[in-house]
Structures are given as structure tokens and as C-alpha cells.
Amino acid sequence: MKRLNRNHWRLGWILVVNTTVVLLELTAPIRSYHDQQLVSQAMRTAPAAFSYCRELFLYPWRPVLVVILLVGIVAEARRYAFSPILNLVPFTLWLILALRDPFYNKQGLIILPLVIIIVIDAALYIAALRPGQQDSTGA
């Protein structure tokens with residue numbers, strides 16, 4: 001199996017970005033519940049019941065994204081040739097979906113960070129996939 005060249009900058013970048021997104025996705029239900037508690041306190045109503053698992057799986061793509069990004073970290077650490085797919089495609093799809101959503105078009109909250117991540121990922125992987133740059137020794 002072909003492997004990418006050894007690049008600690010690329011590994012560090014993938015590790016930081018993917019871990020950050022995974023942590024944000026895994027803590028999203030807790031942050032949402034905290035926001036609901038604040039609204040309940042302000043409205044002086046009883047807070048709604050909370051189930052972390054129910055909230056985590058409320059959006060089915062959330063756990064799928066988490067698994068893909070974690071596998072992407074492992075693939076990058078092992079320098080597999082398919083790691084660009086696991087580390088670049090989820091952010092590209094997320095950008096496409098964000099561009100189609102009118103809320104994100106108005107706010108632009110997530111579009112710029114996604115573009116930055118995609119550009120840096122693409123540049124690092126283009127440099128790694130150039131002819132003569134691959135390491136196929138299996139080490």
C-alpha cells in the first residue's frame with residue numbers, strides 16, 4: 001500500500017483540527033442543554049429533561065462525522081494514501097451544505113473557518129501527493 005511522506009506539520013495540523021471539531025461535536029449537546037437551562041432560569045420555568053445520548057444522536061450525521069474524523073487522524077498518523085479523503089472531504093461537504101443554508105450565508109460564521117481548513121489541508125496533501133514525494137518503503 002502506498003504511503004504519504006512523513007510530515008509532522010501535516011500530522012499536527014490534522015490532529016489539532018480534527019480533534020477540535022470532534023470535541024466541539026461531542027460537547028454540543030452539553031452546551032445546548034446549558035443554553036436551555038439559562039433560558040429556563042430567565043423564564044422561571046422548569047428545565048426540560050436531558051439525555052446526552054438522545055441529544056448526541058438527534059442529528060445522525062454528528063456521530064458519523066466524529067467517527068470519520070477520528071479514523072482520519074489514525075489514517076494520517078499511519079500515513080495511508082486515503083487519508084486526504086477522510087480529512088478533506090468532510091470539511092468540503094460541510095462547506096457546500098453551509099453555502100446552501102441561508103442562515104450561514106447571512107452570518108458567515110462557519111464559512112471562513114471551513115475555507116481556511118480546506119485550503120491548508122489541500123495544500124498539505126497536494127505537496128504530499130506530488131510525484132517523487134511518496135514514501136512506499138512501508139516504514
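One-based numbering along the sequence shown.
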To the nearest 0.5 Å, how far apart are CD1 in I30 and NE2 in H34?
-> 11.5 Å
Sidechain-backbone polar pair: T19 side chain, L15 backbone, donor-acceptor under 3.5 Å | yes
Do V67 and L24 share a hydrophobic cluster (ILVMFWY, side-chain heavy atoms under 4.5 Å, transitive)?
-> no
How far does CG of L38 sit from OH of Y33, to the nearest 0.5 angstrom?
-> 10.5 Å
Please check if V66 and Y52 belong to a single hydrophobic cluster, counting links between Ile, Leu, Val, Met, Phe, Trp and Tyr side chain heavy atoms closer than 4.5 Å.
-> yes
When rounded to the nearest 0.5 angstrom, what distance separates CG in N7 from CD in E76?
-> 8.0 Å
Could you tell me which non-hydrogen atom of A49 sits nearest to which non-hydrogen atom of R54, and how far apart they are?
-> O-NH2, 3.8 Å
To the nearest 0.5 Å, atom CG of N87 lies from atom CD1 of I118 at 12.5 Å
Which heavy atom in A128 sits nearest to a heavy atom in N5, and how many Å separate them?
-> CB-OD1, 3.4 Å
Can you tell me how far CZ of R78 sits from CG of L4, rounded to the nearest 0.5 angstrom?
-> 12.5 Å
V21 and W94: side chain to side chain contact (heavy atoms under 4.5 Å, CB included), yes or no, with the steps?
-> CA-CA 12 Å; V21 173; W94 198 353; 3.9 Å; yes
L23 with V16, same ILVMFWY side-chain cluster at under 4.5 Å = no
N/O donor-acceptor pair under 3.5 Å between R10 side chain and Y125 backbone = no
Can any side-chain N or O of S83 pair as donor or acceptor with the backbone N or O of R79 at less than 3.5 Å?
-> no
Would you say I110 and V119 are hydrophobically clustered, going by side-chain heavy atoms of ILVMFWY under 4.5 Å?
-> yes
Apply the test side chain to side chain contact (heavy atoms under 4.5 Å, CB included) to residues L99 and L95: give CA-CA distance (whole Å), side-chain angles for both, the deciding distance (0.1 Å), then the verdict.
-> CA-CA 6 Å; L99 289 172; L95 177 66; 4.1 Å; yes
If we only count heavy atoms from C-beta on, is the F91 to I116 side-chain gap below 4.5 Å?
-> no
I14 and L26: same hydrophobic cluster, using ILVMFWY side-chain contacts below 4.5 Å?
-> yes
Mind checking the CD1-CD1 spacing from I120 to I117? Nearest 0.5 Å is all I need.
-> 8.0 Å
Contacts of type side chain to side chain contact (heavy atoms under 4.5 Å, CB included), residue I68, not counting sequence neighbours | V64, L86, P90
Within 6.0 Å of CZ in F50, more than 12 heavy atoms from elsewhere = yes
For residues W13 and D121, determine if any side-chain heavy atom of one lies less than 4.5 Å from a side-chain heavy atom of the other.
-> yes
